Amino acid sequence: MSTLVQENKDLINLPNNQEQDKQEPEVSLSDSAKVISPGRLVLRRFFRSKLSIIGLITLLAMFAFAFIGPLISPWGEVQMTGDYKWVTSILPHQIVVQELNEETGLMEEVTYVFYEVSDPYKVYAKTPPSWDHPLGTDQYGYDVLTRLMYGGRVSLLLGFIVIFSEVIIGMFFGSLSGYFGGWVDQVIMRVVDIFNCLPGLPILMLAAALIDGWGIEPRVRIYYLMGILTFFGWSGIARLVRGQVLGIRELEYMVAAEATGLSTKRKIFKHIIPNVMPQIIVQATLGLGGIILSESTLSYLGIGVPFPYAAWGTMISSTSGAEGRDILQNYPNIWVPAGVCIVMAVLAFNFIGDGLRDAFDPKMRR
Amino acid sequence: MRLGLIIVNMIKYIIKRLALSVLILFGVSIIIYGLVRIKPGLDFVQAKYYAQMQLDETGQVAQMVERQREIYGLTSPIFKGYLKWAGNIVKGQWGDSFIFSVSTGEVELLVDAEGNPVLDAEGNQLTKPISSSNVLDIIASKSTISFIIALIATILQFGIAIPLGITSATKQYGVVDYSVTVLAMMGISLPSFFFGALLLRIFSIQLGWFPYAGLSNPNSNLPILIDNIHHLVLPITVLVILSIGGLMRYTRTNMLEVLNADYIRTARAKGLSEHKVIYKHAFRNTLIPLVTILAGILPGLFGGAMITETIFSIDGIGKAAYKAVTMGDIPFVMAYNLFLSVLTVIGTLMSDLMYAVVDPRVKLVGGK
Amino acid sequence: MKLLEKLKTNQEKKKALAKHYISKEQIKKTAKENSRIIKELEKQNNRKNVPEEEYLTEMKNPNNVVEFDDLHAYFFTDAGVVKAVDGVSFDIPKKSIVGVVGESGCGKSVTSLALMKLLQSPTGQIFSGEIRYNAKNGKAYNISKVPKIDMNKIRGKEMSMIFQEPMTSLNPVFRIGDQLDEILFLHFPEITQEEAKQKSISMLNTVGIAMPESVYSRYPHELSGGMRQRVMIAMALSCDPNLIIADEPTTALDVTIQAQILDLLRNIKNDINGSIMLITHDLGVIAEMADYVVVMYAGRIIEKGTAREIYKNPIHPYTIGLQKSIPALNLNDETLYTIPGTVPNPINLPNFCYFRDRCEKRFGKCNGEYPKLLQVSPTHHVACYLAEEIAAEFAKTKKDGGEKNAKK
Amino acid sequence: MRKNNVNQELNAIRNDQFDSEIEKKDILVVKNLKKYFPLGSNWFKKTTSFVKAVDDVSFTIKKGNTLGVVGESGCGKTTLGRTILRLHSITDGQIMYDNIDIRTIKKRELTKLRPKIQIIFQDPYSSLSPRMTIGEIIGEAVREHKLVPAEEHRDYILDIMKSCGLPPYYYSRYPHEFSGGQRQRICIARALALKPDLIVCDEPVSALDVSIQAQIINLLVDLQKKYGLTYIFISHDLSVVEYISTEIMVMYLGSVVEQGTKEQIFKNTMHPYSKALLSAVPVPDPDVKKQRIILKGDIPSPANPPKGCKFHTRCSECMDICKTVTPILKEYEKGHFVACHLYPQD
């Protein structure tokens, strides 16, 4: 009989065959084959989809552009182009220069308001694309390409930090609510309900506008922005986690974990969290796109990333306001690239998120 | 008898949900008020009138500022202040906008110093329109045009997205399916301000097919309605394209799920044509999850589209809110947020009720 | 040196294993090939305005309702072609119950879905073979060639189906009455609303529903599983079909409810003028219900015959093992007999007997190609080399008998 | 060696008072067990009605025996199994495992007791966590309870796997690679690894194919002989229960209708429901045409069971008394209990 046993896994050790000597087959396929963990299976399925690969490549390219690009670029984020040796500070539409006051014979700071390439200070604002400035310069004379890179830094980094904090908070409250149930669940879910009823953009605007009034340093304001986005964004993840935990709690392997007397810590960290993770990862990836959109919208409204720091939204906001029509009509090189960058980043995250969802759950394709 | 029981259950359910809604709105108002109060230094009312107060000799401005601060409970500690503000909200005093005022439609009869009516040449008493900067009045007056735009956009959105979503589900991996996926992805990924600007640049500035901004053109010789529609084409396009993607995907996913159900196989086994299987048996079941979307429509209908209205200079509530934010009109922004939250709560309740209408399995039970 | 050796052995191991895995190129190739085949078959299926002559055929035996003739139903997946039904031939005679039995994944459901042309398109396709159907009007259709549109006239009216899950097989948003009436309106367009309602209620009465009027206006979720299955049967009966396909009709039900439903099925079989194709994995149910039994294993028929032949005189080791491994009431043995191993992977099946590796009676011949279906009695067929002798004997007597007859 | 330690710990929480009451061999004594699930509540969060999933069930199992629990859906057999492990809170009654009162012991002591009573589930697909290897699944609770020294852990697990018919290379694999029958073996190994005395088998073979079903049943029987296990075998399949059990309990809507040894239940069936259940089982023999008792109607909802005898709505021998008076479970021969008005009730 054993001569015919080749790669049949189940023939060995069956109660029926126990009388016969059970020689385990030496090296069969099942013995030496690679162990495919669920994680690797997901990755394999993920890379099978063209769209997810496109998304991943786009994202990597954008990261390189945003984080390596500025190191190569000869221009700075707030470096004005022109013959401006005397320029000491810059604000929107105005420069302050040191000038000789002929009456007193002293050097004095004089503020000039400018709109265009102007003599005698030759700030090269709104120059068309050239070798020096592949995408031209904007209305302040900054290099558009370099600003795009710095804007990418803000958007991508901010997106990742915000989603990470959201996931941490959401997972904490969601799993608490789903695992313990009862009044804990009631309280947390009502709070989540409240956050879900808040209007998205308007409440962000209210918060951002109020913080605007605090007169915080521009550098620090980005962190406040992150805080606001996290504060108003965690509830969705909490609700998702709660639903998942509730579902998993009913599954028989959780009952088995209870029956074998595992500790609560082990049940949560070994059984619940790893099985909730797939959904969270998908949601977080898709959410990243949303956060980038929110951030750029706030920046567009002028209450996000503050000037003079670059953000994609701010760059597009040059199409509104006093000289908006002019820029909209005559200088697409100033605002179109920023829009394209936003679309590309959000699309990339959406592609990756979709790919991951299909990979995690092949039955629910798209 | 049975109908009676259903109605009683329904009323019980609604009462219970309303109680819950009040709780939620209570929480929402705490967050909104809390945001306003965590501001250090000068409070927003004083800040707004700071310059005027310095120049004010009669003390009128200072009085007005004090009245405003009373409304927002800024004079008391935060907890008491909240109760004061919330009480005012319930009474209907939502505060005054700093920057907007609208005519209430009523007029004040003009009188001179002695109290005699001021007459014009023909002997009629002169009048002065009364204006109000109460935020509720402003919201009411500004949301009309926003509502019209949103209504058209929503109808178009549903009318286009649902058939397309169904088609792409039934012809999975076909041409329609791929185009729908791409379109949906674009819709989700495009920022409205960028897309609006692009459309303006191309269709208004470059090609000149559509007007640049506003609602009507006084120099136009078109009939007023046609002129309005002409102005609204671009903003509505933006709204539709941006919201259509999500709805299409949602329809598609749900349709795919329904098409895998056992009862669809039963319907096919009956000998029903594919058309009937999809548009009768599958579609009714796809409607069930689609009803949840209704919750989001209500705030969308009355809340205006902030960015789109701004870009196309349409004087709706969205543009007003945008202006209020940029100019620091916090009373208006607070009211606007609260207004939207109320709409969301009502929308959720309505969609839950609709659920019971669409899905016979759902029973509204007051107790549970 | 050692490192090199290790590398070498690793390489060899990889190579040895490679044949067990599908490479990316292979996947691409199969996907491309699959989509080509699917497209062709779908084109065939989606034709419109096809003259009836194209799919008309002759029954081999006019006393059969359905004749499966070398049916191949495949699923074209990216991992390879799943030959869910691979060369199945059997007949369903008029006014009889034919039981199809086998374990999950043996292709019994796929066979019935192929007959109804309800295979999950586009991956599931009837690849080749004929299914001849003897219609009420005396015509014989070749189901595998009938285009989708014309199939709608056959489904529900000529043959109908009862599914396994009564809980999910009725549309939850329509009332029972609407779902019953719908099939009547569809196949008898001239029927009035009143007549349809009358007919539906009488149908509900037939299947033993106590208050048909009240059930008529209820929603499916208000009924129990047994009641829903009765409604499904009423729906299947309402157009007086030639053939009812019952795909595991009682698996999801409780034992006492199962007894009710089986009783009902037995009764209606006497009332109606048709046959029943009963698919189940439960040998007990088949024994009680069926006149003829077809045993399937891994997409093929391994044994078929009358119920008595299969139960009293099984020949194929799988049939024997299956019967011995059920713990039957009051038939206690010391240990339960088990068939070792599991059902083979349906992709890339070997070209020897699929049961060989689990079979206790295998011998040298079993390494040869897949055994043909041998006839061992006028109604009994077995696909096993063990039956060769009996088959030869039978062939001889048949020949003798034939000669005798001829002489007479 | 380690096992003794666990036993010592358990001895500490054992209540000796009961020693005299029950025989030493009785491993599990269940008395008047009730499990009610709250069903809806009014505005003030007070439960107004219950589903009586398990209503006054008593039984005793001796070591090495198998108690079969039979019944149709909604009869409370699964709830009974889970309540015995205190996976549900116990509404009322007493569960004594080896003189330990499971209802009243503290959570910490319960955790220590857990390995002694194990459970196997119906669905082999949802009872294994998809992100753990087979070795982890079987071994994690062994590690948690420190049943074997850390250095012997792997060998111990491999040993257990071997006795469940699982080849050693499964150790580092994931559940998604295995079929239903193999998964069920893994579940059995997980339970067995904790050196249990009692295993509650909750429909362990209902989801499996016929040929695999036989393999699993045989494995269970072999393990019982080898390790002296006690089973509570829950199933709706009478033939499987008859095969594996020594005693049988027939349940209907949360109550026991008949209880006795296998021979008593099958040879001398008394309750009309048991009779109907037995006659409803299809026999795989075309020549046997048995007289079938076909019950009328559906199983009533457990949330709203009929008054009197719960079975009276479907019973062919229903009398007037059945509609009003609930029959009590009474012993008619040694160990054979029936709850039916057809037999003298006092």
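Side chains included, hydrogens not; waters and symmetry mates left out as well; all remaining heavy atoms used. Quick note on labels: first sequence line is chain A, next is B, and so on, each numbered from 1. Predicted model, so just to flag it, every value in this text is computed and none were measured.
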Taking all non-hydrogen atoms of both residues into account, name the closest pair between [X] and [Y] and its distance.
X: B:Met306; Y: A:Pro202; answer: CE-CG, 3.6 Å
X: B:Thr344; Y: A:Cys197; answer: OG1-O, 3.7 Å
X: B:Ser189; Y: A:Leu293; answer: O-CD2, 3.8 Å
X: A:Val343; Y: B:Pro191; answer: CG2-CD, 3.8 Å

Heavy-atom distances under 4.5 Å only: say whether [X] touches chain A with side chain, backbone, both or neither.
X: B:Leu20; value: side chain
X: B:Ala197; value: both
X: B:Tyr322; value: both
X: B:Ile188; value: both

Taking the side chain as every heavy atom from C-beta outward, state whether [X] and [Y] have any pair of such atoms under 4.5 Å apart.
X: A:Asp354; Y: B:Met185; answer: yes
X: B:Phe26; Y: A:Ile194; answer: no
X: A:Leu206; Y: B:Tyr336; answer: no
X: A:Pro199; Y: B:Ser341; answer: yes

When rounded to the nearest 0.5 angstrom, what is the spacing between [atom1] in [X] and [atom2] in [Y]?
X: A:Ser296; Y: B:Phe193; atom1: OG; atom2: CZ; result: 4.0 Å
X: B:Ile307; Y: A:Thr297; atom1: CD1; atom2: OG1; result: 5.0 Å
X: B:Leu35; Y: A:Phe232; atom1: CG; atom2: CZ; result: 4.5 Å
X: A:Leu198; Y: B:Ile32; atom1: CG; atom2: CD1; result: 6.0 Å
X: A:Leu347; Y: B:Leu190; atom1: CG; atom2: CG; result: 7.5 Å

Largest heavy-atom contact set with chain A, pairs under 4.5 Å, which of B:Leu200, B:Ile30, B:Leu198: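 Most pairs with chain A among the choices: B:Leu198.
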Leading residue by heavy atom contact count with chain A [cutoff under 4.5 Å; candidates B:Met186, B:Arg201, B:Met334]: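 Going by pairs under 4.5 Å, I would pick B:Arg201.
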side-chain contact (heavy atoms from CB on, under 4.5 Å) between B:Val333 and A:Met205, intermediate numbers included: CA-CA 9 Å; B:Val333 182; A:Met205 280 168 50; 5.7 Å; no
Per-residue contact mode, A:Ile316 against chain B (heavy atom under 4.5 angstrom):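 Side chain of A:Ile316 only, per the 4.5 Å heavy-atom cut-off to chain B.
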A:Phe351 versus chain B, the contacting section by heavy-atom distance below 4.5 Å: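 Both the backbone and the side chain of A:Phe351 come within 4.5 Å of chain B.
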Parallel, tilted or perpendicular, as decided by the 30° and 60° cut-offs, for the rings of A:Trp335 and B:Phe194: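 The rings of B:Phe194 and A:Trp335 stand perpendicular, inter-plane angle above 60°.
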Top of A:Ile303, A:Leu301, A:Ile342, A:Asp193 for chain B proximity - count of heavy-atom pairs under 4.5 angstrom: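 Option with the greatest count: A:Leu301.
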Residue pairs, two or more places apart or on separate chains, that pass side-chain hydrogen bond (donor to acceptor under 3.5 Å, both in side chains) and touch residues 295-311 of chain B: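 Those involving residues 295-311 of chain B are B:Ser146-B:Glu309.
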